Amino acid sequence: MKKLLLTILLVPILSFSQGKEVLTYFKSKDSLFGVKNEKGKIIVPAQFKVFSDLQDGELVKGETIFFDGDRNGEKREKNAWGFVYDKKGNFLYRPFFYDNGADYFSEGVRRFVKNGKMGFVDRNGTVVIKPVHDFIAPFNYGYAAFCDGCDWEKTNAEHKAMVGGKWGVMNHKGEIAEPVEKSFNTIEVEGQSFPNPFKYNEKEKNILQFFEKQNKKLSNIYYVNVYNKLSENQKRLFFEIVERPKENFPYYQINTYDYRKMEAGLSHRFKFLVSEDGKTFEAMDYDDQKVPFEKWLKNEYVEAENYQREHPDNPNKLSK
């Protein structure tokens with residue numbers, strides 16, 4: 001693995017606060033941002049130059065506090081962007097700098113930087129994989145490529161690639177995964193085959209069966225605007241549980257993957273949430289909104305019908 005081109009994974013940082021203390025960002029007279037609670041107590045002092053469109057008085061969303069910029073008077077750390085605190089005002093970590101901002105969450109975790117090394121944290125800011133590698137790619141289908149001794153090389157005006165070094169593949173525990181002989185059940189990562197990483201109990205199998213029953217309709221919707229003809233096998237989607245209920249997150253998150261086992265919904269689309277009891281199914285929509293599955297499916301089908309009507313030469317026809 002000599003070279004890895006990065007893929008943008010536009011996975012949103014969801015907000016699931018449940019009646020906890022209300023915190024807001026505040027702006028000082030010298031245009032620095034901090035956070036205070038509803039009683040006016042300062043949780044994080046105003047010390048951050050924020051580069052987003054954050055507004056004075058805006059609510060803190062999610063289970064951590066994020067400042068999208070630099071700490072005043074502090075030298076910018078290589079490959080890091082922004083600062084994350086817990087809601088008590090304790091510093092947690094610095095996200096990896098990616099796509100002109102903080103790294104996105106992928107399969108329940110995001111990359112962070114400490115002392116020049118990279119690791120992974122979960123949505124609560126808990127370190128799940130320690131920062132020991134020079135570079136780590138986002139997780140996809142249970143695995144992430146990593147390298148040591150590698151460095152950045154500019155490929156054009158907008159993109160860079162990692163070159164050189166020694167490459168490997170890790171699982172969600174941070175363990176080095178060993179390649180195996182290719183078979184029907186193996187997963188390909190950077191040209192090598194690895195065991196299928198997903199295992200489920202009966203409850204989880206029943207949750208996934210709900211989506212599998214919808215596979216044909218969902219694949220028709222997903223591929224209606226793809227302009228190369230695909231076989232029925234190529235159009236089959238795969239559904240996997242990538243995050244389970246935990247503190248501050250009472251859901252199973254289901255991601256959708258294409259026949260290559262690459263994540264299908266590169267933004268908010270085709271990612272789903274199921275309640276902890278396995279009875280309520282919702283789709284993740286734009287602006288961190290959750291939409292009942294049946295309503296989401298109906299809307300998606302209407303949009304797919306409209307697309308096909310406007311593009312009658314599309315090769316992957318929509319069907320009931």
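Note that the coordinates shown come from a computational prediction; the quantities given were computed from them, not determined experimentally.
- A search for side-chain hydrogen bond (donor to acceptor under 3.5 Å, both in side chains) contacts involving Arg76 returns Asp70, not counting sequence neighbours.
- Cluster partners of Ile42, using a side-chain heavy-atom cutoff of under 4.5 Å among ILVMFWY residues and allowing indirect links, are Phe26.
- Listed by first and then second residue, the side-chain hydrogen bond (donor to acceptor under 3.5 Å, both in side chains) pairs involving residues 124-139 are Lys117-Asp134, Asn124-Asn248, His133-Asp148 (not counting sequence neighbours).
- Between the side chains of Ser275 and Asp277, a donor-acceptor pair is found at a separation under 3.5 Å.
- Ring planes of Phe83 and Phe48: tilted class, angle from 30 to 60°.
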For residues 29-36, run the donor-acceptor check on the side chains, cut-off 3.5 Å, and write out each pair with its distance to 0.1 Å, sequence neighbours left out.
unit_1: Asp30; atom_1: OD1; unit_2: Ser28; atom_2: OG; d: 2.2

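- Between Asp86 and Lys88 there is no salt bridge, since no side-chain nitrogen of the basic residue lies less than 4.0 Å from a carboxylate oxygen of the acidic one.
- Remark: Phe210 pairs with Phe281, Phe293 by the ring pair (Phe, Tyr, Trp, His ring centres under 6.0 Å) rule, at least two apart or across chains.
- Looking at residues two or more places apart in sequence or on another chain, you find no ring pair (Phe, Tyr, Trp, His ring centres under 6.0 Å) involving Phe238.
- Applying the salt bridge (Lys or Arg N to Asp or Glu O under 4.0 Å) criterion to Glu276, with sequence neighbours excluded, gives no partner residue.
- Applying the disulfide (SG to SG under 2.5 Å) test to every pair with at least one member in residues 39-108, sequence neighbours left out, gives no pairs at all.
- With sequence neighbours excluded, no residue forms a ring pair (Phe, Tyr, Trp, His ring centres under 6.0 Å) with Tyr223.
- Side-chain contacts under 4.5 Å among hydrophobic residues (ILVMFWY), followed directly or transitively, place Leu59 together with Val22.
- By the salt bridge (Lys or Arg N to Asp or Glu O under 4.0 Å) test, Lys295 pairs with no residue at all, sequence neighbours left out.
- Partners of Phe91 by ring pair (Phe, Tyr, Trp, His ring centres under 6.0 Å), not counting sequence neighbours, listed by chain and number: Tyr85.
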